[in-house]
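Here the structure is laid out as structure tokens; the discussion comes afterwards.
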Amino acid sequence: MLYPLSYGGYIENSNIEAIPLDLGLDLRMDLTPEQLSKLIADSVKQLAENNGFELSLPHEIAVERPKNREHGDWSTNIAMQLAKQLGKNPREFGQEIADFMSDSDGVDRLEVAGPGFLNIFLYTASAASILPEVVSQGSSYGSSEIFSGQKMNLEFVSANPTGPIHLGGTRWAAMGDSLARILTSQGADVVREYYFNDHGAQIDRFARSLFARASGAEAPEDGYGGEYITEISDRILKRHGKEVLEYPHDEALEIFRAEGVEMMFADIKKSLSDFGVEFDVYFHENSLHESKAVEKAINQLRKNGHIFDKDGAVWLRSTEFGDDNDRVVIKSDGEPAYIAADLAYYLNKRERGFDRAIIMLGADHHGYVQRMMAMCSAFGDTPGENLEILIGQMVNLMENGTPVRMSKRAGTVIPLEVLVEAVGVDAARYALTRSSANSNLDIDLKALAKKTNDNPVFYVQYAHARTIQVENNAASFGITVDEFEPSLLKHETENALIAKIVEFPAILKIAAENREPHRVARYLEELAGTYHRWYDNCRVTPLAGKPVEPVHGSRLLLNRATTVVLANGLRLLGVSAPERM
RNA sequence: GCCCUCGUAGCUCAGCGGAUAGAGCAGAAGACUUCUAAUCUUUUGGCCGCAGGUUCGAUUCCUGCCGAGGGCGCCA
């Protein structure tokens, strides 16, 4: 059995079901990659036999789509892989294969190139034949069913309601939401979830900070600062009157805690919503304690033999699963440690039917990964499969080339709202999504606020707006796509643009598999550039005084297919696709 | 000391083992009587941190070193 790996590569004897090729490739090639792969294998075997050679073929005969179109429709590295066995140089052997295969059905010509690549050119229908299909699929072009049937829980942001969402959280809001969109486009059933920590010491510190501000006292040690503390404490004072400060201390603190958290959380939700990020589930940590789910989870682990008691505390024997140290689950004072709720939370997600729990964390929490994975194993699950943790590096705010120091205590953290206010939702989301999560990210507010190409988002959006204007102009000329003739699209920029459009489904698949939304952004920049170059060379509407010709209608369809892909890509990033700029 | 991520053009960053390492910005020179010049064309600029290893082939995988950021609580 053969199955395709992204563009090319085929592995024999796989027990994986055959997956249909990305739409488009079949249409444009008379010879499918499977057939080509088999043809090469047969040719090489025959060639070896004729020469009396014993050959052991690699288990995989890779047939891949070359980056450079001049390198053929497909390319294989088989000659380089086998040359050593035969004692020939790869180019020489490649030429032998080329000669042998040159009369095969569907093959136009073969070339040996570079260190020994065999480039294969097929008799093909015009590449442009794919365009009507792209347009008719519209907003679903690029989607697939590769994750069909998978229930995924994507947890991200999950910032404590003790302050506004800072830049790191904002990065995850943008990337997480985009990732959810991309995974969904590939058939996954995704739930966006926000873990709402309304329990524990940080919340207490938040309450004391609010109370202190309201009563005009100094902020407590390890407390929170910043204008939002004043704002919220003022709102609480207004609601209850100054008398609240005279209540018994515990009672007053409880009011500041409960209402402060509620207000802060409402603010966070609003910021995220304004940012275009909506969660399906806000999960309250407190509910895990109240429902005894924490106790239940610990009991289950104890039954599995992974819990022990020492020094008056309850421990998870996480070292059994590769963690550096065993972890305290219930402290000796009887209070649950942070991880206790996480045990129950993970179990809860699995009980809700999720095959995969994906959690996005900042680099400052990466030390938490090992114990979470150990916990996953302790429940009898498979780390990396049932539980996946994505780590995102820090975001720096740059000013004049140096990072601005931020401190929660001093309240100098740059929140989501400030970023959005300065540069707008589109530029903010795009900037936070176009880099790999593995890279530290520097945000320069001044550069982002500029409406120039310091800001690639405008480059992409402008391309989209341009396609719409071209569409409108074509309509005023009465140009239609009814008489589409693929062979009329033969300019080199047209070939390039069509090739880019065809690439889109594969990009989405890779982005989804690797959990890397930035690949979509980078692709869109390339697509936009390819479009702009086409626009510069090929007109959709005739020059003044000239008649409308068949080529114009065919180009209009290419223009429309570009609109579709730009719009689909931008939507997956949560960035608007304006019709006019 | 241990763990994670990063190190690619002057800057910000792409590059899921392949061919001549790319884009934007910045620098230089051009293109609007023609669908949006937020665009396009040409051009300058690289020991892909260093040293080994695996491979037919390494910027990519492995090991070590150097440098940057982050993390190593009965905190959350």
Side-chain angles (χ1 to χ4, degrees), chain A residues 6 62 64 66-68 71 75 77 79-85 89-90 113-117 119 160 162 197 199-203 205 222 285 310-315 324-325 327-333 335 337-339 341 362-370 391-394 396 398 401 403 431 434-444 447 450-456 458-459 461-463 465-466 468-474 476-477 510 513-514 516 518-519 521-523 525-526 528-529 531-533 535-546 552 559 580-581:
Chain A
S6 63
E64 58 181 26
K67 272 183 227 160
N68 185 339
H71 294 150
S75 158
N77 57 12
M80 291 182 283
Q81 288 184 339
L82 296 180
K84 199 177 188 182
Q85 285 187 50
N89 86 51
F117 287 101
N119 296 336
N160 290 343
T162 53
N197 179 339
H199 187 275
Q202 298 214 14
I203 298 292
R205 279 209 287 276
D222 293 331
E285 180 189 353
K310 195 180 94 182
D311 305 333
V314 178
W315 298 66
D324 299 340
N325 295 103
R327 303 295 168 182
V328 167
V329 176
I330 302 290
K331 297 184 262 183
S332 52
D333 64 4
E335 287 294 315
Y338 185 73
I339 195 174
D364 51 342
H365 287 91
H366 97 268
Y368 210 63
V369 175
Q370 268 194 327
I391 297 297
Q393 299 301 312
M394 304 276 117
N396 281 318
M398 302 297 281
R434 79 185 283 269
S435 293
S436 160
N438 287 338
S439 301
N440 282 68
L441 187 60
D442 292 334
I443 290 285
D444 183 335
K450 277 196 273 182
K451 305 226 167 181
T452 69
N453 285 341
D454 288 351
N455 226 344
F458 292 113
Y459 185 77
Q461 287 183 313
Y462 184 67
R466 218 175 207 187
I468 299 293
Q469 293 311 306
V470 168
E471 177 83 34
N472 293 342
N473 290 327
S476 70
F477 274 86
I510 294 168
E513 283 170 346
N514 295 356
E516 292 180 334
H518 75 274
R519 288 177 185 273
R522 298 299 174 149
Y523 165 81
E525 289 168 30
E526 288 171 20
Y531 175 77
H532 285 310
R533 283 186 284 280
Y535 174 91
D536 216 50
N537 283 282
C538 300
R539 295 185 55 89
V540 172
T541 55
L543 289 170
K546 299 279 170 84
H552 294 125
N559 186 75
R580 189 178 287 279
M581 289 176 76

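Each chain gets a letter, A, B and so on, in the order the sequences are listed, and its residues count up from 1.
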In terms of side-chain heavy atoms of [X], which of [options] is nearest?
{"X": "Arg519(A)", "options": "G15(B), U36(B), A19(B)", "value": "G15(B)"}
{"X": "Lys84(A)", "options": "C56(B), G71(B), U36(B)", "value": "C56(B)"}
{"X": "Phe117(A)", "options": "U12(B), G15(B), G18(B)", "value": "G18(B)"}
{"X": "Asn119(A)", "options": "A37(B), A19(B), C40(B)", "value": "A19(B)"}
{"X": "Tyr459(A)", "options": "C40(B), C13(B), A19(B)", "value": "C40(B)"}

Mind checking the [atom1]-[atom2] spacing from [X] to [Y]? Nearest 0.5 Å is all I need.
{"X": "Ser439(A)", "Y": "Met394(A)", "atom1": "OG", "atom2": "CE", "value": "13.5 Å"}
{"X": "Asn160(A)", "Y": "Arg205(A)", "atom1": "CG", "atom2": "CZ", "value": "9.5 Å"}
{"X": "Gln461(A)", "Y": "Asn455(A)", "atom1": "CD", "atom2": "CG", "value": "9.0 Å"}
{"X": "Tyr338(A)", "Y": "Gln202(A)", "atom1": "OH", "atom2": "CD", "value": "8.5 Å"}

Shortest non-hydrogen contact from [X] toward [Y]:
{"X": "Ile339(A)", "Y": "Val328(A)", "result": "CG2-O, 3.6 Å"}
{"X": "Tyr459(A)", "Y": "Glu525(A)", "result": "CE2-O, 3.6 Å"}
{"X": "Asn119(A)", "Y": "Ala113(A)", "result": "ND2-CB, 3.5 Å"}
{"X": "Ala79(A)", "Y": "Gly116(A)", "result": "CB-O, 3.7 Å"}
{"X": "Lys331(A)", "Y": "Ala313(A)", "result": "C-CB, 4.2 Å"}
{"X": "Ala474(A)", "Y": "Val540(A)", "result": "CB-CG1, 4.0 Å"}

Whole angstroms only, please: what is the [atom1]-[atom2] distance between [X] and [N]?
{"X": "Gln81(A)", "N": "G18(B)", "atom1": "CD", "atom2": "C1'", "result": "10 Å"}
{"X": "Asp442(A)", "N": "G70(B)", "atom1": "CG", "atom2": "C1'", "result": "14 Å"}
{"X": "Glu471(A)", "N": "U36(B)", "atom1": "CD", "atom2": "P", "result": "13 Å"}
{"X": "Leu82(A)", "N": "G57(B)", "atom1": "CG", "atom2": "P", "result": "15 Å"}
{"X": "Asn514(A)", "N": "A14(B)", "atom1": "CG", "atom2": "P", "result": "14 Å"}
{"X": "Leu441(A)", "N": "G70(B)", "atom1": "CG", "atom2": "P", "result": "15 Å"}
{"X": "Arg434(A)", "N": "C25(B)", "atom1": "CZ", "atom2": "C1'", "result": "10 Å"}
{"X": "Glu516(A)", "N": "C16(B)", "atom1": "CD", "atom2": "P", "result": "8 Å"}

Within 45 degrees of the axis of the six-membered ring of Tyr531(A) and under 6.0 Å from its centre: does Arg466(A) put its NZ or CZ there? no

Work out how far the [atom1] atom of [N] is from that of [M], and round it to whole angstrom.
{"N": "A19(B)", "M": "A38(B)", "atom1": "P", "answer": "36 Å"}
{"N": "G22(B)", "M": "A9(B)", "atom1": "C1'", "answer": "10 Å"}
{"N": "U44(B)", "M": "A37(B)", "atom1": "C1'", "answer": "23 Å"}
{"N": "C74(B)", "M": "G70(B)", "atom1": "C1'", "answer": "24 Å"}
{"N": "A31(B)", "M": "G17(B)", "atom1": "C1'", "answer": "42 Å"}
{"N": "C72(B)", "M": "U60(B)", "atom1": "C1'", "answer": "30 Å"}
{"N": "A58(B)", "M": "C50(B)", "atom1": "P", "answer": "15 Å"}
{"N": "U5(B)", "M": "G49(B)", "atom1": "C1'", "answer": "16 Å"}

Counting the atoms with a prime plus P, OP1 and OP2 as sugar-phosphate, which does [X] contact under 4.0 Å by heavy atoms, base, sugar-phosphate, or nothing?
{"X": "Ser436(A)", "result": "sugar-phosphate"}
{"X": "Ala83(A)", "result": "nothing"}
{"X": "Pro66(A)", "result": "base"}
{"X": "Arg533(A)", "result": "sugar-phosphate"}
{"X": "Ala465(A)", "result": "base"}

Ignoring hydrogens and geometry, is there a side-chain-to-backbone donor-acceptor pair from Asp333(A) to Glu335(A) under 3.5 Å?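 Judged by distance alone, yes, a pair lies under 3.5 Å.
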
Between the side chain of Arg434(A) and the main-chain N/O of Arg522(A), is any donor-acceptor distance below 3.5 Å?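 No, the answer is negative, given that no donor and acceptor are paired below the 3.5 Å cut-off.
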
With a 4.0 Å cutoff (strictly under), does any side-chain N or O of Arg522(A) reach OP1 or OP2 of C13(B)? no

Answer syn or anti for C72(B), where the cut-off is 90° from 0 on the glycosidic torsion.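 That one's anti.
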
If you restrict it to nitrogen or oxygen atoms, what contacts under 3.5 Å exist between nucleotides 74-76 of chain B and the protein, and what is each distance?
unit_1, atom_1, unit_2, atom_2, d
C74(B), O2, Ser332(A), N, 2.9
C74(B), O2, Ser332(A), OG, 2.8
C74(B), N3, Ser332(A), OG, 3.2
C74(B), N4, Asp311(A), O, 3.2
C75(B), OP2, Lys331(A), NZ, 3.3
A76(B), OP1, Lys331(A), NZ, 3.0
A76(B), OP2, Tyr338(A), N, 3.3
A76(B), O3', Asn197(A), ND2, 3.1
A76(B), O2', Asn160(A), ND2, 3.4
A76(B), O2', Asn197(A), ND2, 3.4
A76(B), O2', Gln202(A), NE2, 3.2

With distance as the sole criterion, do the side chain of Tyr462(A) and the base of U36(B) form a donor-acceptor contact below 3.5 Å?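 It does, because a donor-acceptor pair links the side chain of Tyr462(A) to the base of U36(B) below 3.5 Å.
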
What I want to check is whether an N or O donor and acceptor connect the side chain of Asp364(A) with the base of G70(B) at under 3.5 Å.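 Looking at the base of G70(B), it does not pair with any donor or acceptor on the side chain of Asp364(A) (distance under 3.5 Å).
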
Could you list, one pair per line, each protein nitrogen or oxygen that sits under 3.5 Å from a nitrogen or oxygen of nucleotides 3-5 of chain B, together with the distance?
unit_1, atom_1, unit_2, atom_2, d
C3(B), O2, His366(A), NE2, 3.1
C4(B), O4', His366(A), NE2, 3.3
U5(B), O2', Asn438(A), O, 2.3

Heavy-atom check, side chain of Asn559(A) versus side chain of Glu471(A), under 4.5 Å: yes

Once pairs are restricted to Watson-Crick or G-U wobble with both distances under 3.5 Å, how does RNA chain B read as a dot-bracket string, [ ] for crossings and | for other-strand pairs? (((((((..((((....[...)))).(((((.......))))).....(((((..]....))))))))))))....

Of Ala463(A) and Pro542(A), the one whose closest RNA chain B nucleotide lies more 5':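 It is Pro542(A) whose nearest nucleotide is closer to the 5' end.
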
